[in-house]
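The structure under discussion appears below in the form of structure tokens.
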Amino acid sequence: MNRFGINVELKNTPVLDPDFMPLMRFNRAFLAGAKKPVGIAVERAGGQMASCRTFIHGTPEMAEADHYYIERIVKTILWMKGGFKVYVSGDEGVCKYLQSVYCAGGQQEFDWDYMANVFEHPFEVVLVDEIPEAKDAPKSMGGHLKGCRIGFDAGGSDRKVSAVIDGETVYSEEVVWFPKINADPDYHYDGIVAALKSAAEHMPRVDAVGVSSAGVFIDNRTMNASLFLKVPKDLYDKKVKDIYIRAITDTFGDVPYSVINDGDVSALAGAMSLDDCSVLGIAMGTSEAVGYVDEAGRITGWLNELAFVPVDAQPEAMRDEWSGDIGCGVKYFSQDGVIKLAPRAGIELDESASPAEKLKAVQALMAEDDPRAAKVYASIGVYLGHTLAYYYELYGCRHVLLLGRVMSGKGGDLILDTAQKVLADEYPELTGKIVPELPDEKFRRVGQSMAAASLPEIK
């Protein structure tokens, strides 16, 4: 495989996507001939900084490859960690290229606009003599079991709440709701408060509240979340950004609370069930939802939106309808990945069916050991094996918990088995360093809302 004059060799390629070019392998091949130092740093909330020192070729004939390589690094940092200001050192041409694509009307306009809104700061790319050093502010969260606690988990189709006393769940309920189709934020607020009050009725008092929700949260504020998709922007700013804070304080007064991304709560639940840290949780469902607990058992505050981190360097990779970019994780590690591959395997899907129904159709074929469905799941397993090596390079994670509907049943078993074989064959240096696994019964007992309840520390 060759792109921009960079040759990439693989032993394992997906049978249904033979042109798949793992981005990490492209990066490694690119760096083999790159000698000119370049620095990239991305600033995010609270003065935190992600930084990367790397190399480019720095010659006119390799300018296209240089630009592609650096832009994909910036894109990866933005969706892994978040940020609104990109610092570039070492090459003015690279800086000007990034300025030309991360702007209104530019190739990466979506990322430019999204990050500016999330961080409430204009997005900019600047040239500097020396990039700032990395700075993180991880927080020790979760694992706090003492006291009377409420854990609330806000999903797109149902909301779950648990009442937990000294680590024991004394009550839990699951209620169907429709947050994604409601434009009135009071609908969401009333649903949250109803859940909190329902759990509180089963405890003598409320000492703390933890919330797990899809979305991007900064200082417990809802900066972006698909649950509030239909809420107009003016109402979003007025009533949604602090919706969980208001619901908790209006109901219980001044109690400790924490609001974090549901992916991070999944990773925390995994760490609690494994009794270990350094856990990356990947849920393959409607999208690719990811959370991370670091080596010290802390939540990093990073976005961890790996659905929009590029993983495939082939120029014909499938385009994501939402972000408009190609080759990103959402089209490989979600129901979209299954739906993308099924026709290539000769499986005709009902085009009038929902994505969830299409996934179920392929799962049903896999349950019957249909060889066409097996090709779909084996191909996703090859994607995953190569990409887990990349995620290890980004996170250094020891455990990877594979969750979600795509990983259920025989298909999930085949994905895991294939990914493990690809890791052993292509990346033997990672043997024993990264362990992909499916959740066990202990993980299911911990549960999302139970883990959420453990988030706040009671002073």
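Atom CD of E429 sits in a crowded spot, with more than 12 heavy atoms from other residues, nucleotides or ligands closer than 6.0 Å. Crowding of K375 atom NZ: a count of heavy atoms from other residues, nucleotides or ligands under 6.0 Å not exceeding 12. Around NZ of K410, the count of heavy atoms belonging to other residues, nucleotides or ligands within 6.0 Å exceeds 12. Remark: D254 CG is loosely packed, at most 12 non-hydrogen atoms of other residues, nucleotides or ligands lying under 6.0 Å away. Heavy-atom contacts from other residues, nucleotides or ligands closer than 6.0 Å to CG of D219 number 12 or fewer.
The shortest distance between side-chain heavy atoms of M24 and Y427 falls below 4.5 Å. Residues D186 and K239 are in side-chain contact: their nearest non-hydrogen atoms beyond the backbone lie under 4.5 Å apart. Between V88 and I40, the closest side-chain pair of non-hydrogen atoms falls below 4.5 Å. You'll find the side chain of Q335 reaches within 4.5 Å of the side chain of R405, heavy atoms only. Between I380 and V338, the closest side-chain pair of non-hydrogen atoms falls below 4.5 Å. Using a 4.5 Å cut-off on side-chain heavy atoms (C-beta onward), V290 and Y391 make no contact. For the pair T76 and L394, the minimum side-chain heavy-atom distance is below 4.5 Å. Taking 4.5 Å as the limit, every side-chain heavy atom of E321 sits out of range of all side-chain heavy atoms of V330.
Partner of E426 under the salt bridge (charged side-chain N to carboxylate O under 4.0 Å, His left out) criterion, chosen from K11, K421, R25, R28: R25.
Here the closest non-hydrogen pair linking I434 and L388 is CD1-O, 3.7 Å. The two residues Q420 and P436 make their nearest non-hydrogen contact at NE2-O, 3.6 Å. What you find for I458 and K146 is that their closest heavy atoms are CD1-O, 3.5 Å. Minimum interatomic distance between L10 and P22 (heavy atoms only, all atoms of both residues): CD1-CD, 3.4 Å. Taking all atoms of both residues into account, the shortest heavy-atom contact from E71 to V101 is CG-CG2, 4.3 Å. For L78 against M115, the heavy-atom pair with the smallest separation is O-CE, 3.2 Å.
One finds the SG atom of C277 at 9.5 Å from the OH atom of Y292 (value rounded to the nearest 0.5 Å). The line from OH of Y390 to OH of Y395 is 10.5 Å long, rounded to the nearest 0.5 Å. Here NZ of K233 is found 9.0 Å from OH of Y236. Values are rounded to the nearest 0.5 Å. Rounding to the nearest 0.5 Å gives a distance of 7.5 Å between CD1 of I77 and NZ of K81. Note: W79 CH2 to Y114 OH = 5.0 Å, rounded to the nearest 0.5 Å. In this structure, CZ on F30 lies 6.5 Å from CD1 on I56, to the nearest 0.5 angstrom.
At a threshold of 4.0 Å, the pair E130-R53 counts as salt-bridged, since one of the basic side-chain nitrogens sits closer than that to a carboxylate oxygen. Between D325 and R72 a salt bridge is recorded (basic side-chain N to carboxylate O distance below 4.0 Å).
Although no hydrogens or angles enter the test, the distance criterion places no donor-acceptor pair under 3.5 Å between the side chain of D294 and the main chain of S278. Within the 3.5 Å criterion, the main-chain N or O of V311 finds no donor-acceptor partner in the side chain of H386. Between the R159 side chain and the A154 main chain, no donor and acceptor come within less than 3.5 Å of each other. Distance alone, capped at 3.5 Å, is enough to place a donor-acceptor pair between the D312 side chain and the Q314 backbone. Between the side chain of S379 and the main chain of L16, a donor-acceptor pair closer than 3.5 Å is present.
The aromatic rings of Y383 and F20 stand perpendicular to each other, their planes meeting at an angle above 60°, with 30° marking the opposite boundary.
Judged by distance alone, the side chains of S162 and R149 never bring a donor and an acceptor atom under 3.5 Å apart. Side-chain atoms of N304 and N261 form no donor-acceptor pair, as typed in the model, at a separation below 3.5 Å. Between D153 and S212, the side chains place a donor N or O and an acceptor N or O closer than 3.5 Å (distance only, hydrogens not considered). If you check the side chains of N182 and W177, you find no donor sitting under 3.5 Å from an acceptor. Remark: the Y69 side chain and the T54 side chain contain an N/O donor-acceptor pair separated by less than 3.5 Å. For the 3.5 Å distance criterion, the side chains of Y87 and S51 fail to qualify, holding no donor opposite an acceptor. Judged purely by distance below 3.5 Å, without hydrogens or angles, the side chains of N27 and E393 never pair a donor atom with an acceptor atom.
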side-chain contact (heavy atoms from CB on, under 4.5 Å) assessment of H202 paired with E173: CA-CA 12 Å; H202 296 82; E173 73 171 16; over 6 Å; no
Walk me through it: do K75 and Y102 pass the test side-chain contact (heavy atoms from CB on, under 4.5 Å)? CA-CA 10 Å; K75 170 95 174 181; Y102 284 96; 3.6 Å; yes
Assess whether side-chain contact (heavy atoms from CB on, under 4.5 Å) is satisfied between L384 and T418, documenting all intermediate values. CA-CA 8 Å; L384 184 62; T418 306; over 6 Å; no
Given side-chain contact (heavy atoms from CB on, under 4.5 Å), test I260 with F217 step by step and report yes or no. CA-CA 6 Å; I260 68 172; F217 301 92; 5.6 Å; no
Verify salt bridge (charged side-chain N to carboxylate O under 4.0 Å, His left out) between K331 and D320, making sure each step is shown before the conclusion. CA-CA 7 Å; K331 289 298 181 183; D320 166 46; 5.1 Å; no
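In this structure, K340 satisfies the cation-pi test against Y332, with its NZ or CZ atom closer than 6.0 Å to the six-membered ring centre and inside 45 degrees of the ring normal.
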